[in-house]
Structures are given as C-alpha cells and as structure tokens.
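Before any comments, here is the structure.
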2 protein chains.
Amino acid sequence: MEPPVITIKELAKLLDLSPTTVSRVLSGNAKKYRISESTEKLVKKTAKQYQYEPNQIARNLRLKETNTIGLVIPDISNLFFANLARIIEIELRKRGKLILLSDTHDSSDLENETLMFLFGRKVDGILIAPVGLTSEHLRRFTHVPMVMIDRYFTKLPIPYVSTNNFEGAYVATQYLINKNHSKIACIQGLVNTISNKERVRGFQKAIDDNGISSEDIRICGTDFSIENGYNTTKKLLKQASSLTAIFTLGNQIAIGAMRAIKENGLKIPEDISIISFDDQAYFDLTCPPLTTIRQPIDLIGTEAVSVLFDLMDGKQAESKILPAKLIERSSVKDFNPPSRSASADEKNGLIPRSSIPK
Amino acid sequence: MEPPVITIKELAKLLDLSPTTVSRVLSGNAKKYRISESTEKLVKKTAKQYQYEPNQIARNLRLKETNTIGLVIPDISNLFFANLARIIEIELRKRGKLILLSDTHDSSDLENETLMFLFGRKVDGILIAPVGLTSEHLRRFTHVPMVMIDRYFTKLPIPYVSTNNFEGAYVATQYLINKNHSKIACIQGLVNTISNKERVRGFQKAIDDNGISSEDIRICGTDFSIENGYNTTKKLLKQASSLTAIFTLGNQIAIGAMRAIKENGLKIPEDISIISFDDQAYFDLTCPPLTTIRQPIDLIGTEAVSVLFDLMDGKQAESKILPAKLIERSSVKDFNPPSRSASADEKNGLIPRSSIPK
DNA sequence: ATGAAAGCGCTAACAC
DNA sequence: GTGTTAGCGCTTTCAT
C-alpha cells in the first residue's frame, strides 16, 4: 500500500529540469513564461504518467489561499439547511471551491470552536447560519470574508442574506385571522435568534393590527426541533382547550405538532388548524396537506455565495432580505361556527374541538 | 480591516524566546521538554493575549496530517444522506476532525474530480457513498483510508458499511404478498448501484419464492429522485391498470409516487398500496402514514466512522451489513377481493381500482 | 531548559 | 526559455 505520491521536485529530477519549469507548466503558465512546446508537452505527459497531483497544502501555504469555504450551520438534518447546503455546494463548485462543513447543533460554544478551526484552516471565506444567541464571538472573525445566512445580526459589520421573516409571519397570521381564527398559538423556534424574533414580531403585529386580545394568543416553544413541536403542542392541547389554530415557526416544529395533534385523536383542520413557516417538498402529502410560508431557499443560497464572492473580491457587499410566499393547501379551515358536520372523532369518544363554544 | 494574525515567530520575538520553545509550549509539550514553568506561563499568556491561533496549513504541511475527513455523497438534500451527514459530523467532531463535504449529484465525473481534490488536500481519510456506476476510478485512491457507505463495491479492497438491502426489500415484498398483492410495481433508484441492485434482487427473490408470474410485476424507474418517483408512477398508472401495489426503493421516490397517485385521484391504500425503502421522520404524517423499511442510519454513520478510524490506525477493518426493519403503518391494505366498500373516488367519476377484476 | 537549522512541497522574484 | 533561491509557518532533530 505504497502511496504513489510524486512531488514536483522528483518530477523535475526525472525530467532533468528545474522544479520551477515543471511548476510553471503544470499551473498552466507555460505560455506566459515562454516554455518551449516540446518541454511543455513532455512535462505534461510525464506528470500524467506518474499521476502527479499537486499538494494543495503546500500550495495553500505558499499562496495563502485554500479554495475552501467554511459552511457553518445549526443542523444539517433539517431539510431547510440541507437544501441550502446543496445549492451552496453547487454554487461553490462552479467557482472551484470546496466546503468545510460544520454542524453547530445550535451550540454557541461549538460555533466558536468551529470558527477557530476554520480560521486556522485559512478558509477563503465563511458562510454561516449562526446559532444566533450571541454575536460578540463573531467580531473576532470580521477580517475573514463572511456572510450570514438565515440568521443574522444587524449590529455586526457582516452582510447577511435571509428571508423576510417578519412579513412571512405576518401574512401567515393574517391568513389565519381571515379564516376567523383568533385563539391562536405560535410555536416558536430558538427563542433569541433573529429569524425567530422576526417571525414572532410578524405574528404579534398581525394579532395587534386585528385587535385580537393578547389573552387569546399564546407564544411558546423553545427551539426548531421536532421534539419542541411535539412537546409544546402536547402541552398546549392539555392547557388551552379553546385553541383553534397553531402557527409553527419551522418545518420540523410542524412535524412535531402534527404528530402530537394526531396522537391526541384530533383532526386537522376540522378540530384545529395549522400553518407553518418554511415549506418542504413533502408538505403536499401530509394529512392534510400543509399550508405554509415558503422561503426562497435556492435564492438565499445563490445570493449568499454571490455576496461572499463580492466580499472576497473586495467589493461592496449588501445584505439582502428575500420575500417569502404563502403556499395555500388545506390545513387551515375557515373557523366559522357553527360547524357544518361532526368530525370523525366522535367515533373515538372524543369531543370534537369544533363544537366547543368560543 | 487588518488581519490580526500573529505567527509563532513573531510571538517568539516578542517574548525574546526561540520559535522552538514557543511551539513546544503551545503544542502542550512543555513538560516533555522541561520548559520552565515561568516561561510556559508567560508564553501561554502572551499567546492568548495576541489571540495566537496556529496556522493549520503550515502545521499540516509539516505533520502530513490535516485532521480533515472527506465526506462524499450523492445528494445532501436527500434526508437519508443529510441524516447520515449529521451523525458522521458528530462522530468526527468527537475525534477532532473536520469534514470536507462534496455532493456528487450522482455524477461519476464529479465524483472523480472531487476525489482528486480531496487527495490533493491530503485528507486523513474519506467516507464515500459512491455514485456506484463505476468503480475503477476508486482504485487510484486505495492508499488513502477510505470506507464506503450505503453504496459499495465488493470487488474493491475498500471496506463498506451498508444496510442489508436485499433482506429489507425481500421483507417488504413478502409483506405485500402476504397482503394478497401480486400485481406489483417496483420503482427503483439509480439502476446500477449496488444498493439498488440488492433491493431489486430482494424484490425479485420474494416474487419468485411466491411463484408470482413475472408478467404480473414491473421493475422500472431510473434514479432516487422525487421526479423519478413521480414520472414513473404516472407512466405506470397509465399503462398498468391492474396494478395493486407499488414498492418504491427510496424515500424521495416515495414522495414522487404518492404525489402522482394523489394527482390521479387515486387513494392509498384503497386503490393502490405503497411501501417504501428508507423511512423518514415525516412518514407517519403522510396521507396515509407510509409503511416503510427503515435503515439504521445512525448505526451506519457511527460504524462507518469507527471502521475508518480502524483503517487510519492501520488496524484490520471489516465491512458491515446492518439489518433493516419493517415499520408497519397504513399504506398497504389487504388486497382481498371483493372490496368491502366503494371508495371515495366514485364521487369524482373515477373507477376505483379496487373494483377492477384481476 | 532552550536554540539553530533544516525541511514539509510549492511558487515567484530575480537572475541569465 | 530556463534555473537559483528564498520563503510561506510550523515542528523536530540535534546541539549546548
């Protein structure tokens, strides 16, 4: 199992040339340095023959660039980030960059550690969806080209690309209200992250604009996980019996919420309506198909990469807030009592929520 | 925007010490070289003060190890791989390694290119779910520690960790047959990959073992995408009107298939039953909840990393085939004509498939 | 208890 | 057209 590695020096000796010449040919600068065609050919042929592959580490050290971009995200198994990672990978590959991936599991400590690592690796740039709870540790890295995606901090001199979370949440909430819901729970994600805060703000604004009493609504939940969606919904169903609709602030929260609702023998939307932030491919197949606010994931990815490259080129880089879009399916019913027909749950001996008086 | 980078040399000058001493302290070898406690403390303090962070590139060049593992997968936005990536990330982080991620989009060319890149980056090891169509290009990299996950080649001297695809598919098919299905279509993934071939083999074996005529079954489809699931199902529904069950060989294929079935106004499982390879978190929420064959994703990830580290330690490394598990939900009905009740589709003017005679 | 010097593999001034 | 040399930042013999 002999590693068949050949260096430029060895190649040079083999060819009875200097490493310089070999290097020049192999990095495509033969013309520029007027290397004779015969040597150029010979070098290339021999390199191929010996399967020469440049040692990028040495190259990086010399050139002070690594063609590597750090991608730092909170959870690669969340389809939102997985999809984002995919589009980013495509964009970066086009530009000849490789991804150094780090999953922070929503831990600021891991994030900080990771950034130190990436910094040590001399990545050319960083694309980060920060955990979002603290921002100060990011300041140390403002000298490396960095753009924040999804989650961000406005007070940092670091550009960002994200969804218009406020507007998306406002639209979702208004949609619920238009369908005559007023007893609404909002199950939020990681509490102090900006995307969460903006969504909550949008929710709250719509509630206020419509003159709905703050006693009618609930804002609860702790993070973007399935478990949070599940546990919070379970609690809500136990406590707030008059609830008619739930707004989940993330795709995984929605899964957990739907699971809890189902387990409790309730029907969506007959007994309780649900709408979620962040659309995913399978939401048209759930029971029932889920009404959502879709984020422009591909656009976020391409824009983020584009902004990062502007930054690396020393150009001016502007933050971008991209619009979200309501995808209407059938998980929200027009809550207009009295209900037209008894739901299937009566068979299970459960009191259908739709018959509970306001 | 001055990059606050300080090197060991500068630190040494500042401290009026040699780079050697500084290096020794900073790499935790103060004791070993009997550095005086006072200098040790001073060095550490100053390093911290100046936020010294070792240049890993230089370190790598010298040490010939990068603490980086290449992770090569066909599609990071496929939840199977996203989940795999997550568990692998966790395991590698425990061991102080970073991930160089590459998405090959099921292209052997990209895969080959990527491997060259990774090789040039001198990754310590490679975890790869190869595209799986060709294997020869992998031979060039047999000198770097590598383990294949999910897809693999038995003829290569490279260990692998995967699911027992044959058995899983056999169980799924037998399950269908036990429910009295015989007109079954199998929508496959990327045709020549081993995971696909093994699943098809399991399907075929169950068919044969039960004496079902090959004319009753269909094996079609091209790859693991949602689109393939959708298009193939559309075609099947048009052509094979007597079909009673579909076995999809991947989670994304299942999404596409369900979407096509739904679009055609058919009901699962009343009109057509469906079972899928590769369970995902949301499959208990689809309409109806999907019966699946679950792969032990976490185990695949931890085992793969463990085998890779054995390899890197020069130890013997064994391939592993892990068991799959049937998750029974409600997308397969007992196909026992005559049907008990007319389905809802009659309202739409559609002839329910369940009433089509064998 | 500490330092000098060499070298990892590459590229780029600066020769000629 | 091609070669010499130096150096990227680090670690590690070998010295003292």
Side-chain angles (χ1 to χ4, degrees), chain A residues 3-44 46-47 50-68 117 119-124, chain B residues 3-44 46-47 50-68 117 119-124:
Chain A
V5 277
I6 188 168
T7 70
I8 249 187
K9 220 161 121 188
E10 291 162 346
L11 214 49
K13 194 175 289 174
L14 238 47
L15 286 158
D16 202 26
L17 284 167
S18 78
T20 315
T21 305
V22 178
S23 167
R24 296 209 248 240
V25 170
L26 261 21
S27 34
N29 292 324
K31 288 270 127 47
K32 188 172 149 198
Y33 290 99
R34 302 186 242 174
I35 311 280
S36 75
E37 251 189 60
S38 56
T39 39
E40 182 182 352
K41 267 192 185 150
L42 188 64
V43 169
K44 281 187 175 164
T46 318
Y50 284 89
Q51 302 211 56
Y52 170 79
E53 194 62 22
N55 181 327
Q56 296 297 338
I57 303 295
R59 218 155 175 268
N60 296 340
L61 182 58
R62 178 69 230 234
L63 263 25
K64 303 207 164 297
E65 66 159 14
T66 55
N67 287 321
T68 305
F117 281 169
F119 176 63
R121 304 291 167 116
K122 303 296 166 204
V123 290
D124 296 342
Chain B
V5 278
I6 188 168
T7 69
I8 252 187
K9 222 159 120 189
E10 291 162 344
L11 213 50
K13 196 175 287 176
L14 239 47
L15 286 158
D16 203 26
L17 281 168
S18 78
T20 316
T21 305
V22 179
S23 167
R24 296 210 249 240
V25 170
L26 263 19
S27 34
N29 293 323
K31 288 270 127 47
K32 190 173 148 197
Y33 290 99
R34 302 187 240 173
I35 310 282
S36 76
E37 252 189 57
S38 56
T39 39
E40 181 182 353
K41 267 192 184 148
L42 189 64
V43 168
K44 281 185 175 164
T46 318
Y50 285 87
Q51 303 210 58
Y52 170 78
E53 194 61 22
N55 181 328
Q56 295 297 339
I57 303 295
R59 222 156 171 265
N60 296 340
L61 182 59
R62 179 67 230 237
L63 263 26
K64 303 205 164 299
E65 66 160 13
T66 56
N67 287 321
T68 305
F117 281 169
F119 176 62
R121 304 290 168 115
K122 303 294 166 206
V123 291
D124 296 342

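Convention: sequence-line order gives letters A, B, ...; per-chain numbering from 1.
Residue A/N29 contributes atom CG, which lies 16 Å from atom P of D/dG1 at whole-angstrom precision. Regarding B/K9, its NZ atom lies at a distance of 8 Å from the C1' atom of D/dG7, rounded to whole Å. In this structure, B/L11 atom CG and D/dT11 atom C1' are separated by 15 Å, rounded to whole Å. Atom-to-atom, CG of A/L17 to C1' of C/dT11 comes out at 16 Å; the value is rounded to the nearest Å. In this structure, B/Y33 atom OH and D/dC14 atom C1' are separated by 11 Å, rounded to whole Å. Atom-to-atom, CD of A/E10 to P of C/dG7 comes out at 15 Å; the value is rounded to the nearest Å. The distance from atom CD1 of B/I35 to atom P of C/dG3 is 8 Å, rounded to the nearest whole Å. The interatomic distance linking A/R24 (CZ) with D/dT4 (C1') rounds to 11 Å, in whole Å.
A donor-acceptor pair under 3.5 Å is formed between the side chain of A/R121 and the backbone N or O of B/T66. Within the 3.5 Å criterion, the main-chain N or O of B/P19 finds no donor-acceptor partner in the side chain of B/S23. A donor-acceptor contact shorter than 3.5 Å is absent between the side chain of B/N29 and the backbone of B/R24.
Cation-pi check for B/K122 over B/F119 is met; the charged atom lies under 6.0 angstrom from the ring centroid and within 45 degrees of its normal.
One cannot find a donor-acceptor pair under 3.5 Å joining the base of C/dA12 and the side-chain atoms of A/S23. Within 3.5 Å, no donor on the side chain of A/T20 pairs with an acceptor on the base of C/dT11, nor the reverse.
A heavy-atom distance below 4.0 Å to DNA chain C is reached by these residues of residues 56-63 of chain B, ordered by number: B/L61, B/R62.
The shortest distance between the side-chain N/O atoms of A/S18 and the OP1/OP2 oxygens of D/dG3 is below 4.0 Å. A sub-4.0 Å separation between OP1 or OP2 of D/dT2 and a side-chain N or O of A/T39 is present. The phosphate of D/dG9 has OP1 or OP2 within less than 4.0 Å of a side-chain N or O from A/K64.
Atom NZ of A/K44 sits about 4.0 Å away from atom CD of A/E40, to the nearest 0.5 Å. Rounded to the nearest 0.5 Å, atoms CD1 (A/I57) and CD (B/Q56) are 10.0 Å apart.
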| said: Assess the residue pair A/L15 and A/T39 against the criterion (side-chain contact (heavy atoms from CB on, under 4.5 Å)); give the C-alpha distance rounded to whole Å, side-chain angles, the decisive distance to 0.1 Å, and a yes or no. | reply: CA-CA 9 Å; A/L15 286 158; A/T39 39; over 6 Å; no
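The residue among A/P19 and B/D16 whose nearest nucleotide of DNA chain C is located toward the 5' end is B/D16.
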